[in-house]
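Below: the structure, in structure tokens.
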Amino acid sequence: MFDKLEDLLVRLEEILSELQEPDVANDQNRFRKLMKEQNELTPIVEAYKEYKECKQAIEDSLQMLDEESDEEMRELAKEELNTSKARVEELEHELKILLLPKDPNDDKNVVVEIRAGAGGDEAALFAAEIYRMYLHYAESRRWKVELVECEEIGIGGMKNVTFMINGQGAYSVMKYESGVHRVQRVPETESGGRIHTSTITVAVMPEAEDVDVQIDEKDIRIDVMRASGNGGQCVNTTDSAVRLTHYPTGIVIYSQTEKSQLQNKEKAFALLRAKLYDLECQKRHDAEAEARKSQIGTGDRSEKIRTYNFPQGRVTDHRIGLTLYKLDKIMNGDIQEIIDACIAADQAAKLANMNE
């Protein structure tokens with residue numbers, strides 16, 4: 001591990017030196033690549049430098065204890081020794097986590113697809129509430145949200161909704177939301193006051209660039225039509241809606257949220273790229289079944305990951321055994337505690353796998 005850290009220390013110095021070259025800004029691709037690598041290496045190198053300082057402090061304290069006879073100075077040396085030893089342990093753990101293999105998609109924007117499952121109208125109402133929960137969460141992170149596709153029902157629910165979240169590291173956080181979300185509550189339409197259980201599925205896909213997915217034009221059929229449903233001025237009066245059909249996979253994308261046909265087409269292609277890229281990622285996950293088992297909630301989308309129990313005001317994440325009694329706050333987008341716990345459990349599982 002320490003040989004690798006020394007190599008990273010040297011590499012960061014090389015990058016900083018390259019960034020000072022006068023012609024580096026002329027090559028934007030090279031400049032972006034160097035800046036990205038610098039951002040990735042800096043926290044690792046800073047932690048390693050502090051680790052080396054603490055190790056030196058331990059040596060200095062031990063030497064002082066050997067040479068010093070003054071009791072007050074010896075006490076100071078013992079205190080410094082204990083503090084440095086404790087910090088070294090913390091930093092060793094931090095460095096192991098920082099050196100874990102990084103998911104190449106972590107820095108990407110995401111496409112999120114929410115679909116109502118079992119439970120009819122109640123599931124569609126819950127899908128709309130989870131959509132709003134993610135909107136509030138994205139807002140708290142200052143991420144930008146763009147609606148791509150939405151099928152509403154009359155009472156304020158959504159049969160399905162697809163949206164994009166643009167923000168630094170969105171996938172690294174949102175990927176833990178993929179799976180089946182279950183709600184337990186008394187529906188407003190239920191006169192008998194019985195608790196119903198409904199489900200929705202959430203799929204979180206990394207946004208794919210052109211370089212990630214090549215789409216052959218011969219494999220695509222593009223249809224344009226008038227948008228349906230609730231629309232503002234111009235939406236229902238022009239052929240602005242776009243439907244893409246991808247023959248090899250049978251994937252159909254429908255985009256009508258923008259007034260411009262060109263914008264809807266761009267969104268539809270972005271969603272198609274994300275879905276095709278996600279299929280490739282799923283294939284790789286299936287091929288690496290053991291590695292997938294060590295991850296927390298980034299695998300099987302049929303997995304029931306979370307229950308929202310309204311009568312008891314609690315939310316339980318079944319993957320990590322976490323229960324929180326703050327349902328109202330969570331439904332308003334306060335999901336960071338759950339995500340942090342998932343990240344910690346995921347890191348612990350990966351560390352355990354490395355040590356086996």
Side-chain angles (χ1 to χ4, degrees), residues 1-20 34-104 106-107 140-141 168-169 172-173 175-176 290-291 293-298 317 319-324 326 334-356:
M1 180 171 101
F2 295 107
D3 287 343
K4 185 175 182 181
L5 287 164
E6 282 295 333
D7 290 343
L8 295 179
L9 187 63
V10 171
R11 177 61 189 145
L12 183 60
E13 285 168 3
E14 287 172 359
I15 291 166
L16 294 171
S17 176
E18 281 185 64
L19 284 168
Q20 287 173 347
L34 287 170
M35 286 300 294
K36 185 173 184 285
E37 200 176 349
Q38 182 197 355
N39 291 337
E40 286 171 359
L41 292 183
T42 299
I44 303 172
V45 169
E46 282 179 356
Y48 181 48
K49 281 180 177 175
E50 189 187 345
Y51 173 84
K52 286 168 81 170
E53 285 166 11
C54 288
K55 291 290 277 185
Q56 186 60 51
I58 289 170
E59 281 184 36
D60 294 345
S61 300
L62 288 169
Q63 190 176 344
M64 189 182 281
L65 284 169
D66 274 347
E67 296 170 356
E68 192 60 61
S69 56
D70 181 77
E71 201 51 48
E72 197 174 322
M73 293 300 288
R74 287 179 64 80
E75 281 304 312
L76 281 172
K78 282 178 188 174
E79 200 176 306
E80 175 69 25
L81 180 64
N82 291 334
T83 303
S84 298
K85 278 184 173 177
R87 186 63 185 136
V88 160
E89 279 187 30
E90 287 172 10
L91 286 164
E92 278 180 356
H93 183 68
E94 274 179 40
L95 286 164
K96 281 178 185 173
I97 288 170
L98 286 166
L99 288 172
L100 283 173
K102 201 165 178 276
D103 186 331
D106 273 354
D107 289 332
S140 74
R141 300 286 301 247
Q168 181 62 40
S172 69
V173 171
K175 64 184 177 184
Y176 298 102
E290 286 308 308
K293 280 177 192 168
S294 76
Q295 294 175 347
I296 304 293
T298 55
D317 196 292
R319 298 162 296 178
I320 53 176
L322 175 70
T323 295
L324 299 173
K326 54 174 195 178
D334 185 5
I335 58 172
Q336 193 61 52
E337 189 177 347
I338 299 174
I339 288 168
D340 287 343
C342 287
I343 290 169
D346 196 12
Q347 289 169 344
K350 285 173 181 169
L351 283 172
N353 256 24
M354 282 176 72
N355 294 333
E356 279 175 10

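Side chains are part of it too, since the values below use all heavy atoms of this structure and drop only hydrogens, waters and symmetry mates.
- Contact record, Lys175 with Asp106: NZ-OD1, 2.9 Å, taken as the closest heavy-atom pair.
- The only member of Val45, Ile44, Val10 that meets side chain to side chain contact (heavy atoms under 4.5 Å, CB included) when paired with Leu5 is Ile44.
- How far OH of Tyr51 is from CD of Gln56: 12.5 Å, rounded to the nearest 0.5 Å.
- Between the side chain of Asp346 and the main chain of Cys342, no donor-acceptor pair closer than 3.5 Å is present.
- Within the 4.5 Å cutoff, the side chain of Leu16 has no heavy atoms near those of the Glu13 side chain.
- The nearest pair of heavy atoms linking Ile320 to Ala341 is CD1-CB, 3.5 Å.
- Atoms CD and CZ, from Gln168 and Arg141 in turn, are 10.0 Å apart once rounded to the nearest 0.5 Å.
- Separating the CG atom in Leu95 from the CG atom in Leu100 is a distance of 11.0 Å, to the nearest 0.5 Å.
- Here the closest heavy-atom approach between residue Leu9 and residue Tyr48 is recorded as CD2-CE2, 4.4 Å.
- Taking NZ of Lys326 as the start and CG of Asp334 as the end, the distance is 4.0 Å to the nearest 0.5 Å.
- For the salt bridge (Lys or Arg N to Asp or Glu O under 4.0 Å) condition, the pairs that include at least one residue of residues 37-60, sequence neighbours left out, are Glu6-Lys52, Arg11-Glu37, Lys36-Glu40, Glu50-Arg87.
- Side-chain atoms of Ile97 and Lys350, non-hydrogen and from C-beta on, never get closer than 4.5 Å to each other.
- The two residues Leu322 and Glu337 make their nearest non-hydrogen contact at CD2-O, 4.5 Å.
- Within 6.0 Å of CD in Glu67 there are more than 12 heavy atoms belonging to other residues, nucleotides or ligands.
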Name each donor-acceptor pair under 3.5 Å that joins a side chain in residues 72-80 to protein atoms two or more places apart or in another chain, with its distance.
from, atom 1, to, atom 2, distance (Å)
Arg74, NH1, Leu65, O, 2.5
Arg74, NH1, Glu68, O, 3.3
Glu80, OE2, Ser84, OG, 3.3

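- Asp107 is linked by a side chain to side chain donor-acceptor pair (under 3.5 Å) to Lys102, counting only residues two or more places apart in sequence or in another chain.
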Query raised in the report: For Leu12 and Leu8, what are the C-alpha separation, side-chain angles and deciding distance, and is it a side chain to side chain contact (heavy atoms under 4.5 Å, CB included)?
Result: CA-CA 6 Å; Leu12 183 60; Leu8 295 179; over 6 Å; no
Report task. Check the pair His93, Leu351 against side chain to side chain contact (heavy atoms under 4.5 Å, CB included), reporting the backbone distance first and the verdict last. Result -> CA-CA 10 Å; His93 183 68; Leu351 283 172; 3.7 Å; yes
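- When all heavy atoms are compared, the tightest approach of Pro43 to Leu98 is O-CD1, 3.9 Å.
- Side-chain contact check for Asp317 and Tyr176: no donor-acceptor pair (N or O, by modelled atom type) lies under 3.5 Å.
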